[in-house]
Amino acid sequence: MAMVGLFWIAEGDVYVGAKPSGLAPGVRLTPDGVVALGDGQAGLHLWEDVRALTVVDVPVKSLLRRVGVVKDLAVDTVMTLALSAGPGRTDEAPPMMTVRVQSSGGEHELGAYAAAAVGYSATETDLSRALLSRLTEGAATMSTTLAAMSQWGRTRANGTPRTAEREKLLREWLGR
C-alpha cells in the first residue's frame with residue numbers, strides 16, 4: 001500500500017484519499033467507474049457518464065498542521081500512559097475531502113478521508129487534480145492511466161515513496 005498524491009494505491013486498487021475501512025466513506029476508481037463506498041454513499045458512476053472529477057477540501061501541508069499532528073500524538077501518548085483504558089482521543093478522524101463527480105445525472109459529492117496526516121503539498125495536489133481530470137478524457141486515456149496506476153501498486157512493496165518520486169510518478173501517469 002502506498003500514497004501517491006491524493007491517491008491511495010493498494011495491491012492494484014486505486015482510491016481517492018485513504019482506503020476506507022468498515023463503514024467509513026471512501027472513493028475507489030475502477031475500470032468501470034467511480035465507486036462510492038461506505039455508510040450513506042453507495043453507488044457506481046460509470047466512466048462513460050462522468051464529465052468531470054474534482055477534489056475539494058484538500059488539507060494543505062503546512063508547518064501549523066505538522067505541529068498539530070505532533071501535539072496530538074504527544075497528548076495521545078500521555079493519555080494512554082495515564083489512563084490504562086487505551087488511546088484517549090480515538091474519536092478524532094482524519095480530515096475529510098469532498099470528491100465531486102459531475103455526470104449526465106448531475107453532480108454528486110462523495111466523502112473520502114485524507115490519507116496524509118500532515119496534509120498534501122501544493123504540487124502533489126495540483127498534479128493529482130490534473131490526473132483526475134485526465135481520467136475523464138475518454139475510455140482509452142482512462143484505461144491506460146488507471147492500468148498504469150494499478151500496475152505500479154501491484155509491484156510496490158516498500159510503502160509510500162518520498163516526495164520527489166511521488167511527483168515523478170504523477171507526472172508519468174499524466175504523460176508529462
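Bear in mind the structure is a predicted one, so any value in this text is a computation, not a measurement.
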> When hydrophobic residues are tied together by side-chain contacts of less than 4.5 Å, even through go-betweens, does V35 share a cluster with V55?
Replying inline: yes

>> Distance check, rounded to the nearest 0.5 Å: E124 atom CD versus R129 atom CZ?
In response: 12.5 Å

>> Give me the atom names and distance for the closest heavy-atom approach of A114 to M97.
In response: CA-CE, 4.1 Å

>> Within the structure provided, determine whether T54 and L132 are in side-chain contact (heavy-atom separation under 4.5 Å).
In response: no

>> Please evaluate residues V34 and L110 with respect to the criterion side chain to side chain contact (heavy atoms under 4.5 Å, CB included), reporting the C-alpha separation (whole Å), side-chain torsions for both, the decisive distance (0.1 Å), and the verdict.
In response: CA-CA 10 Å; V34 180; L110 309 174; 4.3 Å; yes

> Stepwise, does the side chain to side chain contact (heavy atoms under 4.5 Å, CB included) test hold for L131 with M149?
Replying inline: CA-CA 11 Å; L131 188 55; M149 295 171 77; 3.9 Å; yes

> Do any N or O atoms from the side chain of E109 and from the backbone of V99 form a donor-acceptor pair under 3.5 angstrom?
Replying inline: no

> Which heavy-atom pair separates S150 from V14 by the least distance, and what is that distance?
Replying inline: OG-CG2, 3.8 Å

> Does any N or O in the side chain of T141 come within less than 3.5 Å of the main-chain N or O of G138, such that one atom is a donor and the other an acceptor?
Replying inline: no

>> So I9 and M1, do their side chains get closer than 4.5 Å, heavy atoms only?
In response: no

> With the threshold set at 4.0 Å, does a side-chain nitrogen-carboxylate oxygen contact exist between R134 and E137?
Replying inline: yes

>> As an exercise, state the distance from CD of E48 to OG of S104, rounded to the nearest 0.5 Å.
In response: 8.5 Å

>> Within a 6.0 Å radius of atom CZ on R176, are there more than 12 heavy atoms belonging to other residues, nucleotides or ligands?
In response: no

> Where is the tightest heavy-atom contact between S143 and A140, given as atom of each residue plus distance?
Replying inline: OG-O, 3.1 Å

> Closest heavy-atom contact between Y120 and G17?
Replying inline: OH-CA, 4.3 Å

> Going from CE on M96 to CG on D57, what distance comes out if it is rounded to the nearest 0.5 angstrom?
Replying inline: 10.0 Å

> Could you go step by step and tell me if R28 and W8 meet the side chain to side chain contact (heavy atoms under 4.5 Å, CB included) rule?
Replying inline: CA-CA 9 Å; R28 183 174 171 211; W8 188 260; over 6 Å; no

> Taking side chain as C-beta onward, heavy atoms only, is F7 less than 4.5 Å from S128?
Replying inline: yes

> Does the pair K19/D13 count as a salt bridge with the N-to-O cut at 4.0 Å?
Replying inline: no

> Are the side chains of L169 and W152 in touch, meaning some heavy atoms are under 4.5 Å apart?
Replying inline: yes

>> Any non-hydrogen side-chain atom of V60 less than 4.5 Å from a side-chain atom of T125?
In response: no

> Between atom CZ of R162 and atom OG1 of T160, what is the distance when rounded to the nearest 0.5 Å?
Replying inline: 11.5 Å

> Do L6 and V58 come close enough that some side-chain heavy atom pair is under 4.5 Å?
Replying inline: yes

>> Once side-chain hydrogen bond (donor to acceptor under 3.5 Å, both in side chains) is applied, do any residues pair with T163, and if so which ones, sequence neighbours excluded?
In response: R166

> Taking the side chain from Q102 and the backbone from A52, do they hold a donor-acceptor pair closer than 3.5 Å?
Replying inline: no

> Under a single-linkage rule joining Ile, Leu, Val, Met, Phe, Trp and Tyr whose side-chain heavy atoms are separated by less than 4.5 Å, which residues share a cluster with L23?
Replying inline: none

>> Give me the atom names and distance for the closest heavy-atom approach of K61 to S121.
In response: CB-N, 4.1 Å

>> I'd like to check V27 versus L37 (side-chain heavy atoms, cut-off strictly below 4.5 Å). Are they in contact?
In response: no

> Heavy atoms, side chains only, cut-off 4.5 Å: are R156 and P161 in contact?
Replying inline: yes

> Out of L53, L135, V50, which one pairs with M142 under the side chain to side chain contact (heavy atoms under 4.5 Å, CB included) rule?
Replying inline: L135

> Does any N or O in the side chain of W47 come within less than 3.5 Å of the main-chain N or O of T30, such that one atom is a donor and the other an acceptor?
Replying inline: yes

>> Quick one, S103 with H108, criterion side chain to side chain contact (heavy atoms under 4.5 Å, CB included). Give me CA distance, side-chain angles, the key distance, then yes/no.
In response: CA-CA 8 Å; S103 70; H108 310 275; 3.4 Å; yes

